[in-house]
Each structure stands twice: as structure tokens, then as C-alpha cells.
Engineer: 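There's a structure below that I have some questions on.
Values in this document were obtained by computation on a predicted structure and should not be read as measured data. Heads up: numbering here begins at 1 and tracks the sequence.
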Amino acid sequence: MKQLIECVPNFSEGRDEKIIRQITDAIQSVDGIKLLNVDPGKDTNRTVVTFVGEPEQVIEAAFRGAKMAAQLIDMSKHKGEHPRFGAMDVCPLVPIANITMEETVVYARRLAKRVGEELGISVYCYEFAAFSNDRQSLANCRAGEYEGLKEKLQKPEWKPDFGPDVLNEQSGAAAIGARNFLIAYNVNLNTTSVRRANSIAFDVREAGRVVREGDQVTGKIVNDENGEPLRIPGTLKKVRAIGWFIKEYGVAQISMNLTDITVASMHQAFDEVVERARERGIRVTGSELIGVIPLQAMLDAGKYFLRKQQRSVGIPDEEIIKIAVKSLGLDELSPFDPKKRIIEYLIDDQQNKLVDLSLSGFSNETLSESPAPGGGSVSAYVGALGAALGSMVANLSAHKRGWDDRWEEFSDWAEKGKIYHDRLLKLVDEDTAAFNAIMDAFCLPKNTNQEKKQRSAAIQAATKHAIEVPFEAMQTAFQSLEVIEAMATIGNPNSLSDAGVGALCARAAVYGAYLNVRINSGELADKTYVGEILTKAASLLQETLARETEILNLIESRI
């Protein structure tokens with residue numbers, strides 16, 4: 001599964017379009033990088049750039065952006081409304097898909113080290129990448145701004161994590177870190193009152209509201225023993241919120257920054273505002289997402305509302321997202337197109353995928369004289385159909401009249417089957433891509449000894465990958481039998497035949513993928529690896545055949 005990181009560097013230039021373009025061109029010069037947004041601000045004299053990609057690509061692109069900014073921006077002449085202390089002032093890495101925060105921290109520190117050593121810029125690591133607690137806060141790292149940086153660098157406690165401890169007068173310093181995804185999110189109210197919207201915002205935001213004597217609006221602020229205002233904390237951690245009136249729409253909104261969606265998610269914030277608004281006689285009519293969002297956040301929201309309805313969550317992503325959009329009212333003020341608002345969909349630039357073909361299109365493509373898609377892709381697709389049938393029986397069982405108290409059990413099975421289905425569906429195109437990679441390797445030049453050596457190595461690497469893909473299809477299709485067997489045992493008895501066909505599909509997928517493992521192994525020079533993989537594959541095939549027989553016998557006995 002592809003790992004994805006979002007990077008949101010802030011550059012201290014928001015007025016000169018030529019400089020901004022040169023920086024973004026440097027970022028986009030890295031293959032695989034998708035530029036999502038460029039947001040310059042003239043008053044702040046600052047540009048926020050957002051791009052995504054795989055980790056290695058992201059840190060290379062961020063470095064190129066930092067290098068270009070260091071060449072073009074002179075901090076000794078910079079003025080702007082926003083706090084700043086460097087040309088590339090701040091650069092957070094945000095884990096998006098299939099990567100942990102711990103892994104993201106490693107990449108952030110690698111980037112910080114390279115910026116410090118190769119560009120001669122003082123770098124502080126902040127948030128999750130910080131080496132000490134006092135450097136977790138960006139505000140602490142940037143305190144004193146550029147003007148105070150020379151003196152700050154002389155203090156032992158503020159020695160930079162990487163780079164020189166003397167001022168780089170042109171480039172200043174940089175804060176590089178790792179943080180969770182931030183969502184800018186507004187909830188719409190059926191009121192025009194900013195005061196009432198603010199009251200709800202104070203109810204939910206982490207900072208809450210200050211304590212006042214007597215009247216909460218006009219009373220004198222109460223301070224603690226340190227002279228700081230006493231506060232009644234809000235109900236949501238990691239949430240900033242304020243009420244405002246949107247003239248364009250004629251409604252008041254709760255405008256929120258969800259600074260850590262692992263702590264306070266979009267759907268949790270929405271429901272909390274719904275409850276606090278209800279207590280004040282106000283109704284939430286919908287909501288508005290600003291910018292983009294990770295796929296998982298949308299899936300989590302859809303599943304949250306499905307579970308509230310006691311419905312199965314083991315359904316296609318498109319249906320889950322549709323539930324999220326309707327439940328949150330994300331399409332109230334303007335159309336919400338998931339293809340343009342979900343990060344993973346925005347950067348999916350794969351064209352002509354087999355799984356996007358119609359049934360007849362896929363069949364006709366297989367029928368053609370082209371060698372791909374072949375048996376490996378077809379095996380993976382048949383396996384996906386088998387897993388889909390297992391999940392279908394689970395979904396039907398979850399909604400069976402009289403079985404309401406078991407909906408969650410069947411939902412869990414359906415969701416497990418969906419995982420196998422989704423992986424096998426991806427393997428359809430991966431198998432064809434693996435075959436094409438072998439063909440590409442054979443087309444490499446072989447005029448010199450060096451070229452022959454490189455060509456041979458490429459052929460062997462591609463061949464090994466062409467073995468690994470169908471072997472993974474074998475494993476995944478076999479694992480799907482767990483769901484199918486469970487549904488044959490406890491599922492809706494009216495769907496026993498569906499479970500049976502699912503078992504037949506899984507068995508065909510495993511056997512078909514096994515044949516591909518065998519035929520591709522014949523071209524691999526590493527005979528030790530070949531012997532090991534063929535032994536594992538043969539064992540997995542026999543286990544599958546035995547499991548299929550047990551499931552079919554069970555189904556025959558129950559029909």
C-alpha cells in the first residue's frame with residue numbers, strides 16, 4: 001500500500017508572484033509530487049504551499065523548495081504581519097495514508113538535517129519531531145522572530161537541532177516538524193446571530209470561555225492567582241472555534257480548526273455542535289469543509305453515522321462517503337465532489353485501470369490478442385468477487401428481520417471481507433503492471449557489458465515481483481475463505497448459495513494465482529527463493545482445496 005505524506009511549507013514571500021512560482025516549480029520538479037494548493041497573502045507577505053506524495057519524494061521536494069527560497073528571499077529585508085523567522089519559515093510533514101506518526105518523524109528529521117547541513121540554515125524540530133518538550137510548540141521555536149534570532153542562537157538552550165548556531169542573515173532559520181492533519185471546518189446554523197454562534201463556539205472549543213463576575217457577557221473578568229483569566233474549558237480537545245456571520249450565505253457558522261483529527265474528528269465536532277446548538281434552541285443545517293481531507297477521515301465519518309443507524313459498514317467506499325456527505329450536510333452550501341476534495345482521489349493519476357472498465361470492457365480486453373490482462377489479473381478479480389459475495393451475505397444478514405441484535409457481529413464480518421475484496425481488486429492492475437514491467441525490462445538496451453548487466457538485473461527484479469504479486473493474491477483469496485465459511489455457518493440461510501459461489505471463486509483465485517507463481521518462477525535465477533516460494537504456494541493451494549471442500553459440504557448439508 002502506497003505511503004502518503006502531506007507537506008505544508010510556509011514561505012516568507014506573498015507578494016512577488018515570480019518568486020512564488022520559482023519555489024513551487026522547484027517543488028513540482030520532483031516526479032510523483034502533486035501540488036494541491038498555493039495560497040499567497042500580501043498583508044502577511046507569506047505563502048502557504050500544500051503538496052502530497054510518497055515520503056522520499058516529499059522530503060526531496062521540500063528540500064528543493066527550501067533551497068530555492070534560500071536563494072530568492074532575503075529575510076533581512078522582509079516585512080509582514082505574520083510571525084516569521086526564516087525564508088522557509090515552517091515546514092510540517094503530515095501522515096496521510098499507510099504511514100505512522102513515528103515514521104513521519106524520521107522523515108521530518110532527515111529533512112531537517114539536510115536543510116541544516118547542505119543549506120547552512122539553523123533548523124528547529126517541532127511538534128512530534130521535537131527532541132525536547134520546550135520545542136514542541138512552534139510559537140516557542142519562533143519566539144523573537146527573525147529580529148531576535150541572532151541573540152537567540154547564542155543561548156545554549158536554543159542551540160538549533162541541525163545547522164549552524166550563528167545567524168544566516170539572508171535565510172534566517174526554519175522550523176521543520178511532524179504534526180497531525182488539520183481540518184478547517186465550518187458548521188452552519190439556522191440563525192444570523194453571531195453572539196449565539198460564539199456561545200456555541202465557546203462551549204465546544206478547547207480554550208472554552210473566560211469566567212466573568214455576574215453577567216457572563218458584560219461582567220468583569222475573573223483572574224487566577226497568577227493574574228491570568230480563569231477559563232471554563234470547552235468539550236473538545238484540539239479544537240479552535242469562533243462564531244461568525246457569512247453574508248454570502250446569510251447564515252451564522254461555527255468556524256473551527258480541528259488541529260488533531262486523531263483527538264477530535266470532523267464527525268465528533270459536528271455532533272458536539274449539534275448537541276450544544278440544540279440546548280440553545282438552534283438547529284444545525286449542514287457544514288462546510290475548507291480545503292481537502294484524507295480519505296480515512298471521510299470513511300471514519302461515514303462509518304460513524306452508519307453505526308448510529310445500526311447498519312453494516314462493510315460496503316463500498318463510495319457509499320460510505322455518500323453517507324458522510326449527507327449526514328454532515330457537506331453539500332448544503334455548494335456541491336461536494338469527493339474526487340476534488342479527498343486527497344487520495346486528487347493524486348490518483350493512474351489512467352486506464354482495468355478495474356475501472358465495465359464488465360464487458362474487462363472481458364473484451366481479456367479476449368483481445370494482448371497478453372495482459374492474463375490469468376493473474378483474472379484470478380485476482382475472481383477472488384475479489386468471492387470476497388464480495390462473503391461480505392454481501394454478511395450485509396444481508398445484518399439487515400435480516402429479527403436479527404437486529406446481531407447487526408454489529410455481521411457488520412464486522414462484512415468489513416473484514418471488504419478488506420480482502422479491496423486488496424484483491426488492487427492486485428488486478430498490479431498483476432498486469434508486473435507483467436508489463438518484465439516486458440519493459442526485456443526492451444532495455446544490451447549493447448555494452450554494463451547495459452547487459454543492468455538489463456539482466458532488471459529482468460530478474462521484475463520477474464521476482466511478478467511472482468510476489470500472484471502469491472499475495474493466493475494469500476488474500478485464501479484469507480477471504482474465513483468470511484465465507486462464517487457466513488455459510490451463521491449467515492442468512494437464504495444466501496447459502498451465494499456463500500458457496502464465493503468459496504468456488506476463492507478456490508479458483510488461489511489455484512489460478514498458483515499457476516502464475518509457478519510459470520513465472522521458471523525464469524528466476526535465484527533457485528533458493530524459487531524453491532521456498534513454490535513450497536509455500538503448494539501448501540497454500542492444498543489448504544485452500546481442503547477448506548473449500550469443508551465449506552461446500554457444510555452448505556450442501558444446510559440447503
Engineer: Below 4.5 Å, heavy atoms only, C-beta onward: do Arg307 and Lys303 meet side chain to side chain?
Structural biologist: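 Yes. Closest side-chain heavy atoms under 4.5 Å.
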Engineer: Please list every donor-acceptor pair under 3.5 Å in which a side-chain atom of residues 281-289 meets a protein atom from a residue at least two apart or in another chain.
Structural biologist:
unit_1 : atom_1 : unit_2 : atom_2 : d
Thr285 : OG1    : Glu332 : OE1    : 3.1
Thr285 : OG1    : Glu332 : OE2    : 3.0
Ser287 : OG     : Tyr185 : OH     : 2.8
Ser287 : OG     : Leu328 : O      : 2.7
Glu288 : OE1    : Asn186 : ND2    : 3.3
Glu288 : OE1    : Gln253 : NE2    : 3.0

Engineer: Given 3.5 Å as the limit, does a donor-acceptor pair link the side chain of Glu319 with the main chain of Pro316, or not?
Structural biologist: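 No.
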Engineer: Hey, are Glu145 and Arg84 close enough for a salt bridge, meaning a charged N less than 4.0 Å from a carboxylate O?
Structural biologist: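 Yes.
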Engineer: Of Asn37, Val58, Ile5, Leu36, which is the lone residue that meets side-chain contact (heavy atoms from CB on, under 4.5 Å) with Phe51?
Structural biologist: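 So the option named by the test is Val58.
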Engineer: Less than 4.5 Å apart, any side-chain heavy atom of Phe63 and any of Leu119?
Structural biologist: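 Of all side-chain heavy-atom pairs linking Leu119 with Phe63, at least one is under 4.5 Å.
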Engineer: Drop me the distance from Arg311's CZ to Asn395's CG, to the nearest 0.5 angstrom.
Structural biologist: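 It is 9.0 Å, given to the nearest 0.5 Å.
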Engineer: Any side-chain heavy atom of Phe336 within less than 4.5 Å of one from Lys322?
Structural biologist: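 A side-chain contact is absent here, since even the closest heavy-atom pair is not under 4.5 Å.
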Engineer: Under 3.5 Å, side chain of Ser12 to main-chain N/O of Gly86, donor-acceptor pair present?
Structural biologist: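 Yes, Ser12 side chain to Gly86 backbone: donor-acceptor pair under 3.5 Å.
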Engineer: What is the distance from atom CD of Glu151 to atom CG of Leu153, rounded to the nearest 0.5 Å?
Structural biologist: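 Glu151 atom CD to Leu153 atom CG measures 10.5 Å (nearest 0.5 Å).
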Engineer: One thing to verify: whether Arg142 and Asp89 come together as a salt bridge, which I'm taking to mean a side-chain N less than 4.0 angstrom from a carboxylate O.
Structural biologist: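 Counted as a salt bridge, because a side-chain N and a carboxylate O are separated by less than 4.0 Å.
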Engineer: Answer yes or no: is there an ion pair linking Lys326 with Asp331, defined by an N-O contact shorter than 4.0 Å?
Structural biologist: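 Answer for the salt bridge query: yes.
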Engineer: Treating Arg135 as the side-chain partner and Cys141 as the backbone partner, does any N or O pair qualify as donor plus acceptor under 3.5 Å?
Structural biologist: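 Side chain of Arg135 to backbone of Cys141: no pair is present.
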Engineer: How about Ile321 and Leu295: do any of their side-chain heavy atoms sit closer than 4.5 Å?
Structural biologist: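 Yes - at least one pair of side-chain heavy atoms lies under 4.5 Å apart.
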Engineer: Arg46 side chain to Gly14 main-chain N or O, any donor-acceptor pair under 3.5 Å?
Structural biologist: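 Not a single qualifying donor-acceptor pair exists.
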Engineer: Could you tell me if the side chain of Arg276 sits less than 4.5 Å from the side chain of Thr235, heavy atoms only?
Structural biologist: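 Sidechains of Arg276 and Thr235: in contact.
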Engineer: Of the non-hydrogen atoms in Gln22 and Met68, which two are nearest, and what is the gap between them?
Structural biologist: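 Distance-wise, the nearest heavy atoms are O-CG, 3.7 Å.
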Engineer: I'd like to know if the side chain of Arg205 reaches the main chain of Gly208, judged simply by a donor and an acceptor atom lying under 3.5 Å from each other, with no hydrogens or angles considered.
Structural biologist: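 At least one qualifying donor-acceptor pair exists.
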Engineer: Heavy atoms, side chains only, cut-off 4.5 Å: are Ile19 and Ile23 in contact?
Structural biologist: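 Yes, close enough: below the 4.5 Å cut-off.
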Engineer: For Arg209 and Asp203, what are the C-alpha separation, side-chain angles and deciding distance, and is it a salt bridge (charged side-chain N to carboxylate O under 4.0 Å, His left out)?
Structural biologist: CA-CA 7 Å; Arg209 53 167 46 84; Asp203 286 342; 2.8 Å; yes
Engineer: Can a salt bridge be assigned to the pair Lys353 and Asp429 using a cut-off of 4.0 Å between side-chain N and carboxylate O?
Structural biologist: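 Between Asp429 and Lys353 there is no salt bridge, as every charged N stays at least 4.0 Å from the carboxylate O atoms.
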Engineer: Could I get the full list of ring-ring contact (aromatic ring centres under 6.0 Å, His included) partners for Phe410, not counting sequence neighbours?
Structural biologist: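 Expected list: Trp403.
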Engineer: What's the verdict on side chain to side chain contact (heavy atoms under 4.5 Å, CB included) for Glu13 and Leu72, showing C-alpha distance, side-chain angles and the deciding distance?
Structural biologist: CA-CA 9 Å; Glu13 176 56 65; Leu72 301 177; over 6 Å; no
Engineer: Between Glu60 and Arg64, is there a side-chain N and carboxylate O pair less than 4.0 Å apart?
Structural biologist: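 A salt bridge is present here (some side-chain N lies under 4.0 Å from a carboxylate O).
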Engineer: Please report the interatomic distance CE(Met101) to CZ(Phe128), rounded to the nearest 0.5 Å.
Structural biologist: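 Spacing of CE (Met101) from CZ (Phe128) equals 4.5 Å.
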Engineer: Can you give me the closest heavy-atom contact between Ile33 and Ala61, atom names plus distance?
Structural biologist: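 Distance-wise, the nearest heavy atoms are CG1-CB, 3.8 Å.
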Engineer: May I have the step-by-step check of side chain to side chain contact (heavy atoms under 4.5 Å, CB included) for Val123 and Leu111, ending in yes or no?
Structural biologist: CA-CA 10 Å; Val123 180; Leu111 172 62; over 6 Å; no
Engineer: Please say whether more than 12 non-hydrogen atoms of neighbouring residues, nucleotides or ligands are located less than 6.0 Å from CD in Glu169.
Structural biologist: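 No, the 6.0 Å shell around CD holds no more than 12 heavy atoms from other groups.
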Engineer: Looking at Gln3 and Asn98, would you say the former's side chain and the latter's main chain have a donor-acceptor pair under 3.5 Å?
Structural biologist: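 Checking the backbone N and O of Asn98 against the side chain of Gln3, a donor-acceptor pair under 3.5 Å is found.
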Engineer: Could you tell me if the side chain of Ile320 sits less than 4.5 Å from the side chain of Ile315, heavy atoms only?
Structural biologist: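 Yes, close enough: below the 4.5 Å cut-off.
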Engineer: Does a donor on one side chain and an acceptor on the other come within less than 3.5 Å for Asp134 and Ser132?
Structural biologist: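 A donor-acceptor contact under 3.5 Å links the two side chains.
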Engineer: Minimum heavy-atom separation for Ala301 to Ala324, with atom names?
Structural biologist: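 So the two residues come closest at CB-CB, 4.0 Å.
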Engineer: Evaluate side chain to side chain contact (heavy atoms under 4.5 Å, CB included) for Met88 paired with Ile176, printing each intermediate quantity in order.
Structural biologist: CA-CA 9 Å; Met88 185 180 76; Ile176 297 176; 4.0 Å; yes
Engineer: Out of curiosity, Ile121 CD1 to Gln170 CD, how far, rounded to the nearest 0.5 Å?
Structural biologist: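 Atom-to-atom, Ile121:CD1 and Gln170:CD are 9.0 Å apart.
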Engineer: Using a cut-off of 6.0 Å, state whether more than 12 heavy atoms not belonging to Glu17 lie near its atom CD.
Structural biologist: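 No, because the 6.0 Å sphere around CD of Glu17 holds 12 heavy atoms or fewer from other groups.
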Engineer: To the nearest 0.5 Å, tell me how far Asn10 CG sits from Thr47 OG1.
Structural biologist: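 Nearest 0.5 Å value for the CG-OG1 distance: 9.0 Å.
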Engineer: To the nearest 0.5 Å, how far apart are CZ in Phe245 and OG in Ser193?
Structural biologist: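 Those atoms lie 10.5 Å apart.
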Engineer: After noting the C-alpha distance and the side-chain angles of Val8 and Leu182, does the key distance pass the side chain to side chain contact (heavy atoms under 4.5 Å, CB included) rule?
Structural biologist: CA-CA 11 Å; Val8 194; Leu182 183 149; over 6 Å; no
Engineer: Please check this pair: side chain of Ser122 against backbone of Gly163, looking for a donor-acceptor N/O pair closer than 3.5 Å.
Structural biologist: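 Not confirmed, Ser122 side chain does not pair with Gly163 backbone.
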Engineer: Under 3.5 Å, side chain of Ser411 to main-chain N/O of Ser312, donor-acceptor pair present?
Structural biologist: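 Answer holds: no.
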Engineer: Within 45° of the ring axis of Tyr124 and under 6.0 Å from its six-membered ring centre, is that where the NZ or CZ of Lys152 lies?
Structural biologist: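 Yes, Lys152 sits over the ring of Tyr124.
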Engineer: When you measure from the side chain of Asp337 to the backbone of Lys339, do you find a donor-acceptor pair of N or O atoms at a distance under 3.5 Å?
Structural biologist: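 Present.
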Engineer: Taking all atoms of both residues into account, what is the closest heavy-atom pair of Gly417 and Ala387, and its distance?
Structural biologist: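 Gly417 and Ala387 have their closest heavy atoms at O-CB, 3.8 Å.
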Engineer: Could you walk me through whether Glu344 and Lys34 pass the salt bridge (charged side-chain N to carboxylate O under 4.0 Å, His left out) check?
Structural biologist: CA-CA 10 Å; Glu344 287 85 343; Lys34 180 78 171 183; over 6 Å; no
Engineer: Closest approach of Phe181 and Pro294, non-hydrogen atoms and distance?
Structural biologist: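 Distance-wise, the nearest heavy atoms are CE2-CD, 3.5 Å.
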Engineer: Phe131 vs Phe162 aromatic rings, parallel, tilted or perpendicular, using cut-offs 30° and 60°?
Structural biologist: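 Rings of Phe131 and Phe162: perpendicular, over 60°.
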Engineer: Any non-hydrogen side-chain atom of Val273 less than 4.5 Å from a side-chain atom of Met256?
Structural biologist: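 Yes - at least one pair of side-chain heavy atoms lies under 4.5 Å apart.
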Engineer: Could you tell me whether a side-chain N or O of Asn180 sits under 3.5 Å from a main-chain N or O of Ile261, the two making a donor and an acceptor?
Structural biologist: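 Not confirmed, Asn180 side chain does not pair with Ile261 backbone.
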Engineer: Quick one: closest heavy-atom pair of Leu4 and Glu54, and the distance?
Structural biologist: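 The answer is CD2-N, 4.4 Å.
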Engineer: Taking NZ, NE, NH1 and NH2 as the nitrogens, is one of them in Lys418 or Asp317 under 4.0 Å from a carboxylate oxygen of the other?
Structural biologist: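 Salt bridge flag = yes for Asp317 with Lys418.
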Engineer: Do NZ/NE/NH1/NH2 and the carboxylate oxygens of Arg231 and Glu206 come within less than 4.0 Å?
Structural biologist: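 Salt bridge between Arg231 and Glu206, a charged N being under 4.0 Å from a carboxylate O: no.
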Engineer: Is it true that atom CZ of Arg15 has more than 12 heavy atoms of other residues, nucleotides or ligands lying nearer than 6.0 Å?
Structural biologist: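 Yes.
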Engineer: May I have all residue pairs that pass ring pair (Phe, Tyr, Trp, His ring centres under 6.0 Å) and include part of residues 299-334, sequence neighbours excluded?
Structural biologist: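 Listed once each, the pairs are His267-Tyr304.
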